[in-house]
Amino acid sequence: MAEFRQSTKLNNVLYDIRGPILQAAQQMEAEGHRILKLNIGNPAPFGFEAPDAILVDMIRHLPHAQGYSDSRGIFSARTAVSQYYQTRGIQNIHVDDIYLGNGVSELITMSLMALLDAGDEVLIPTPDYPLWTASVALAGGKPVHYLCDEDSGWQPDLEDMEAKITPRTKGIVVINPNNPTGAVYPEETLKRIVALAEKHGLVIFADEIYEKILYEDAVHVNLAGLTGDDVLCLTFSGLSKAYRVCGYRAGWMAISGPKKDAADYLEGINLLANMRLCANVPAQHAIQTALGGYQSITDLILPGGRLLEQRNKAYDMLNAIPGVSTQQARGALYLFPRLDPEVYHIRDDEKFVLDLLKEQKILLSHGRAFNWVRPDHFRMVTLPNVKDIEEAIGRMGDFLSRYQGN
């Protein structure tokens, strides 16, 4: 019989957050083990529920959500997104500049497929959210990673960014607030990135899904508010994180800047949007209510709120483990701790995470899954309640006290 093999287009496509380690955890669960999953930013399993108004509105619209919608999305939801950006001082994002998607993930892939030819380059941070690297590769492009500096709070190294721009570079990805590091970028840094994009004629891809999850005095600045009409900017956001509805798959892409100069590219995006017919229609009806109603995420990030208290507890306990250090997250739902190579002789961070899983039944993500350059980091979500965080990091510390490396 004929042998069927995966396409060579997938040779450089990796998404290790849901890779072999998760498969090992699923096998252990099938054998009866209880695994504490600290690997994916999925709020629902940790007791975070969607606002009631979103659920009610979505249910009420179900009888009217049985057919396809406009390929860009229903008008009321796109209007709500456009008006949201107007409240942020961004006046050049109109209803027809909004595309709704089955989560931001679909829209990321769509935007890159429409732009890239074989060998075109896109600058992506390291560490990154690995879907960006995978999607560039899937589209036939070449991911080129610019460094973020841990000692500077994981801020982008702008000299490294500019040094990696070539005649084949098409765009710059900016993840702010950042996954996996929790960094939030100051306005001056963002202005310098915009200046680089304008100087070299590049598209900016602004991944801002965590823009409402900010701690203490952190301030988020939308890149589209800085690019104006001079730089093409694609802004990605959605309901998954701030509104705790990852499973609804309700995201959007907002296009701003010199759209006339990008007419051919935007025609390609429209073609791909038409080919997938439309995004999940019931979830689209949740967008207007979510953006217009009470922003309950605020209760979770203020003093006494779960997300803030859990972040603080995880930060304190991780830094108390000998040989472990982590920058404090200013936003998002993660910490990205460093394992001192002088203390832990780890050559394979994937094996380290697998060893921890097998012994302590704790599931983390290894640092190189985020295209980090060395096997000396891991990512931990800060979604569990304080008691579970205390137990998990306590067990982690016990494991590390005996771990000799690999």
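In this chain, residues are counted from 1 in sequence order. Because the structure is a prediction, the values reported are computed rather than measured.
Within a 6.0 Å radius of CD in Glu31, other residues, nucleotides and ligands contribute more than 12 heavy atoms. Within a 6.0 Å sphere centred on CD of Gln26, heavy atoms belonging to other residues, nucleotides or ligands number more than 12. Heavy atoms of other residues, nucleotides or ligands lying less than 6.0 angstrom from NZ of Lys37 number 12 at most. The environment of Tyr294 atom OH is dense: over 12 non-hydrogen atoms of other residues, nucleotides or ligands sit within 6.0 angstrom.
Remark: side-chain polar atoms of Asn280 are not paired, donor with acceptor, to backbone N or O of Ala250 under 3.5 angstrom. For the pair Lys164 (side chain) and Thr169 (backbone), a donor-acceptor distance under 3.5 Å is absent. Looking at Glu121, its side chain never comes within 3.5 Å of a backbone N or O of Lys142 through a donor-acceptor pair. Not a single donor-acceptor pair under 3.5 Å links the side chain of Arg244 to the backbone N or O of Lys241. Distance alone, capped at 3.5 Å, is enough to place a donor-acceptor pair between the Lys361 side chain and the Lys358 backbone. The main-chain N or O of Pro63 is found under 3.5 Å from a side-chain atom of Gln66 such that the two form a donor-acceptor pair. With hydrogens and angles disregarded, a donor-acceptor distance shorter than 3.5 Å links the side chain of Asn319 to the backbone of Thr326. Side-chain atoms of Thr382 do not come within 3.5 Å of backbone N or O of Gln310 as any donor-acceptor pair. Side chain of Gln295 to backbone of Ala290: a donor-acceptor contact under 3.5 angstrom is found. Side-chain atoms of Glu29 do not come within 3.5 Å of backbone N or O of Ile35 as any donor-acceptor pair.
In summary, of the residues considered (Arg368, Glu150, His366), a side-chain hydrogen bond (donor to acceptor under 3.5 Å, both in side chains) with His377 occurs for Glu150 alone. Applying the ring pair (Phe, Tyr, Trp, His ring centres under 6.0 Å) test between Phe236 and each of Trp132, Tyr210, Trp252 identifies Trp132 as the sole match. For the side chain to side chain contact (heavy atoms under 4.5 Å, CB included) criterion with Leu38, the lone passing option out of Leu383, Leu363, Ile389, Ile362 is Ile362.
Contact detail for Asn42 and Cys246: the closest heavy-atom pair is OD1-CB, 3.7 Å. Scanning all heavy atoms of the two residues, the minimum distance from Tyr185 to Asn176 falls at N-OD1, 2.9 Å. Closest approach of Tyr215 and Ala329 over heavy atoms only: CD1-O, 3.7 Å. When every heavy atom of Gln328 is checked against every heavy atom of Asn312, the shortest pair comes out as NE2-OD1, 3.7 Å. Pairing each heavy atom of Leu62 with each of Pro282, the nearest pair is CD2-CB, 3.8 Å. Minimum heavy-atom separation, Leu318 to Pro337: CD1-CG, 3.7 Å.
Ile98 contributes atom CD1, which lies 10.5 Å from atom CD of Gln83 (distance to the nearest 0.5 angstrom). Note that the OG atom of Ser365 and the CD1 atom of Ile21 stand 7.0 Å from one another [nearest 0.5 Å]. Distance NZ/Lys212 to OG/Ser296: 10.5 Å, rounded to 0.5 Å. Leu158 contributes atom CG, which lies 6.5 Å from atom CG of Leu196 (distance to the nearest 0.5 angstrom). With rounding to the nearest 0.5 angstrom, the CD1 atom of Ile255 is 5.0 Å from the CG atom of Leu266. Atom CE of Met28 and atom CZ of Arg34 lie 12.5 Å apart (nearest 0.5 Å).
In this structure, the side chain to side chain contact (heavy atoms under 4.5 Å, CB included) partners of Pro186, at least two apart in sequence or on a different chain, are Gln155, Thr189. A search for ring-ring contact (aromatic ring centres under 6.0 Å, His included) contacts involving Phe75 returns nothing, not counting sequence neighbours. Scanning for ring-ring contact (aromatic ring centres under 6.0 Å, His included) contacts around His285 gives His61, with sequence neighbours left out.
For the 3.5 Å distance criterion, the side chains of Tyr344 and Asp376 fail to qualify, holding no donor opposite an acceptor. In this structure, a donor-acceptor pair under 3.5 Å is present between the side chains of Asn222 and Arg88. No side-chain donor-acceptor contact under 3.5 Å links Gln27 and Gln23. Between the side chains of Asp207 and Tyr129, not a single donor N or O lies within less than 3.5 Å of an accepting N or O.
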Hey, mind stepping through Val381 and Leu333 against side-chain contact (heavy atoms from CB on, under 4.5 Å) and telling me if it holds?
-> CA-CA 6 Å; Val381 303; Leu333 303 170; 5.6 Å; no
From CA spacing to verdict: side-chain hydrogen bond (donor to acceptor under 3.5 Å, both in side chains), Ser71, Asn274 = CA-CA 5 Å; Ser71 63; Asn274 288 335; 2.7 Å; yes
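The existence of a salt bridge linking Arg330 and Asp217 is confirmed by a sub-4.0 Å separation between a basic side-chain nitrogen and an acidic carboxylate oxygen. Ion pairing of Arg192 with Glu162 is absent here, as no side-chain N (NZ or NE/NH1/NH2) approaches a carboxylate O to less than 4.0 Å. Classification of Asp96 and Arg78 as a salt-bridged pair holds, one side-chain N sitting under 4.0 Å from a carboxylate O.
In this structure, Asp149 and Asp160 have side chains that are not in contact, with every pair of non-hydrogen atoms separated by 4.5 Å or more. The shortest distance between side-chain heavy atoms of Phe336 and Asn178 does not fall below 4.5 Å. Counting only heavy atoms from C-beta outward, the side chains of Val81 and Leu291 approach each other to under 4.5 Å. Side-chain contact between Gln327 and Thr181 is absent, with no heavy atoms from C-beta onward closer than 4.5 Å. Between Leu232 and Tyr265 there is a side-chain heavy-atom pair separated by less than 4.5 Å. Here the side chains of Met396 and Leu364 are in contact, with some heavy-atom distance below 4.5 Å. Counting only heavy atoms from C-beta outward, the side chains of His220 and Pro177 approach each other to under 4.5 Å. Taking 4.5 Å as the limit, some side-chain heavy atom of Ile269 sits within range of a side-chain heavy atom of Met253.
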Can you list, pair by pair, the side-chain donor-acceptor contacts under 3.5 Å of residues 108-120, counting residues two or more places apart and other chains?
from   : atom 1 : to     : atom 2 : distance (Å)
Thr109 : OG1    : Ser105 : O      : 3.4
Thr109 : OG1    : Ser135 : OG     : 3.2
Ser111 : OG     : Leu107 : O      : 3.3
Ser111 : OG     : Ile108 : O      : 2.8
Asp120 : OD1    : Arg168 : NE     : 3.3
Asp120 : OD1    : Arg168 : NH2    : 2.9
Asp120 : OD2    : Asp117 : N      : 2.8

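The salt bridge (Lys or Arg N to Asp or Glu O under 4.0 Å) pairs that include a residue from residues 55-70 are Asp70-Arg72, where partners are two or more places apart or lie in different chains. Annotation: salt bridge (Lys or Arg N to Asp or Glu O under 4.0 Å) contacts involving residues 396-406, sequence neighbours excluded, comprise Glu359-Arg402, Asp398-Arg402.
Judged by a 6.0 Å distance limit and a 45° cone about the ring axis, Arg379 is not positioned over the six-membered ring of Phe370.
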